[in-house]
Protein chains: 2
Amino acid sequence: MKRKSFEDMECPIARTLERVGEWWSILILRDAVRGSTRFDEFERNLGISPNILSRRLATLVENGFLEKRLYSVTPPRMEYLLTERGKAFRSVLFALTAFGNDHFADDGVALQVVNKRTGRPAKLVVVDARTGKPATGPNFELAPGPAASNAIRGKFGA
Amino acid sequence: MKRKSFEDMECPIARTLERVGEWWSILILRDAVRGSTRFDEFERNLGISPNILSRRLATLVENGFLEKRLYSVTPPRMEYLLTERGKAFRSVLFALTAFGNDHFADDGVALQVVNKRTGRPAKLVVVDARTGKPATGPNFELAPGPAASNAIRGKFGA
DNA sequence: CAGTATCCTGTCCGATACTG
DNA sequence: CAGTATCGGACAGGATACTG
């Protein structure tokens with residue numbers, strides 16, 4: 001993850017991947033969204049080595065996705081809580097879940113997003129909040145934003 | 001990406017990451033969505049080494065995200081086109097774009113999702129298609145699906 | 001229980017050189 | 001132009017042992 005450049009990292013996708021691009025980071029966040037807070041929980045649920053877990057938790061804290069909090073003084077015990085940023089990342093996790101279930105769940109759905117009240121599975125789509133229209137099909141595209149450099153602008157033909 | 005297990009890979013997120021978890025894969029897909037089709041285009045736009053690009057393109061084809069097509073016989077020229085699966089992955093890319101712009105674009109938005117007709121930037125949210133309600137807040141959660149193993153079920157407390 | 005410290009392997013990736 | 005071949009470095013990740 002020490003790639004030097006993708007358009008000098010102007011791209012929001014690249015910037016995000018730079019911080020949570022490691023395989024385990026996203027899975028740890030998934031588990032945190034699910035409710036895990038303690039080292040031991042992550043370790044068991046994910047089957048990750050403790051040294052790797054330690055590294056990944058540290059960078060997630062560094063990058064503002066998790067907050068490390070002392071929840072017991074004697075003995076000193078830490079818990080890892082989702083920050084607002086970490087919670088916001090749920091949208092990405094949900095999109096990944098929906099995509100994975102649509103494309104790689106030939107043997108059935110093992111994990112899904114459900115409506116907590118009704119208990120019914122949600123059918124997730126990404127929509128434009130302004131119009132409520134799904135951001136699929138040919139109506140939407142990626143395009144340079146106001147802060148795009150000329151380099152990006154050129155490559156995106158805008 | 002040769003992690004042996006995450007719940008035997010039942011998780012749709014893990015399954016997706018298994019296929020496109022490498023840093024470059026997602027960026028290549030991003031570029032394909034943007035319109036790139038040729039080796040040379042990807043290479044220039046991303047600043048990726050040709051050997052890596054070759055590997056990543058091959059696995060994206062293997063995993064059904066891209067299709068390799070001969071578009072010129074003499075000289076033999078290949079192009080890489082998004083499959084339906086590749087196009088569906090846009091939802092994840094859009095979610096990543098929205099998240100990245102919300103959290104890591106302190107210097108302005110360099111890349112965004114826009115409505116092609118109006119040219120206006122889209123404000124993207126993930127919603128439940130059934131109700132149209134945003135899948136944020138406490139109303140939605142990740143939960144085991146019908147095909148979840150007992151192992152998963154146990155860990156997810158359901 | 002909640003981690004840290006070591007050692008090792010795999011491979012992602014970058015740089016470069018080369019081919020039709 | 002569209003790639004393949006080869007080399008080397010960095011680091012993610014696995015296994016295991018150890019500490020308060």
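Note on naming: letters A, B, ... go to the chains in the order of the sequence lines (proteins, then strands), and numbering restarts at 1 for each one. Note that this is a predicted model, so its numbers are computed, not measured.
Minimum atom distance to the side chain of A/F39 is reached by C/dT4, of the listed D/dT4, C/dT4, C/dC1. When the nucleotides C/dA2, D/dG14, D/dA17 are ranked by their closest atom to the side chain of A/P50, D/dA17 comes out on top. Here the side chain of B/S54 is nearest to one of D/dT4, C/dC1, D/dG13, namely D/dT4.
Listed by chain and number, the residues in a salt bridge (charged side-chain N to carboxylate O under 4.0 Å, His left out) with A/D106 amount to none (sequence neighbours excluded).
The CD1 atom of A/I48 sits 15 Å away from the C1' atom of C/dT4 (whole-angstrom rounding). What separates CD1 of A/I28 from P of D/dA12 is a distance of 12 Å, to the nearest Å. Following rounding to the nearest Å, A/L53 (CG) and D/dA15 (P) show an atom-to-atom distance of 14 Å. Per the geometry, CG belonging to A/L27 stands 14 Å off C1' belonging to D/dA12, to the nearest Å. When the P atom of D/dG14 is taken as reference, atom CD of A/E22 falls 13 Å away, rounded to whole Å. One can place CD of A/E18 at 14 Å from C1' of C/dC13, the figure rounded to the nearest angstrom. Look at CZ on B/R38: it is 9 Å from P on D/dC1, rounded to the nearest Å. If you measure from atom CZ of A/R56 to atom C1' of D/dG13, you get 9 Å, rounded to the nearest angstrom.
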### Message
Show me the dot-bracket string of DNA chain D, counting Watson-Crick or G-U pairs under 3.5 Å, with | for pairs to another strand and [ ] for crossing ones.
### Response
||||||||||||||||||||
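Here A/E18 does not pair with A/R15 in a salt bridge; the nearest charged N to carboxylate O distance is not below 4.0 Å. Ionic pairing of A/D128 and B/R120 is not present here: no N-O contact between side-chain nitrogen and carboxylate oxygen is shorter than 4.0 angstrom.
In this structure, A/S72 contributes its side chain and A/P75 its backbone to a donor-acceptor pair below 3.5 Å.
Counting distance only, with no hydrogens placed and no angle test, the side-chain atoms of B/N51 and the base atoms of D/dT6 include a donor-acceptor pair under 3.5 Å.
Contact detail for B/A88 and A/H103: the closest heavy-atom pair is CB-NE2, 3.4 Å.
B/F42 comes within 4.0 angstrom of nothing in the nucleic acid, heavy atoms only.
Atom CZ of B/R130 is surrounded by more than 12 heavy atoms from other residues, nucleotides or ligands within 6.0 Å.
The phosphate of C/dC12 (OP1 or OP2) has no side-chain N or O of A/W23 nearer than 4.0 angstrom. Between D/dT4 and B/R55, no contact under 4.0 Å exists linking OP1 or OP2 to a side-chain N or O. Considering only side-chain N and O atoms, B/Y71 lies nowhere under 4.0 angstrom from the phosphate OP1 or OP2 of D/dC1. A close approach under 4.0 Å does not occur between any side-chain nitrogen or oxygen of B/R77 and OP1 or OP2 of D/dC1.
Below 30°, between 30° and 60°, or above 60°: for B/F65 and B/F89 the angle between ring planes is above 60°, a perpendicular geometry.
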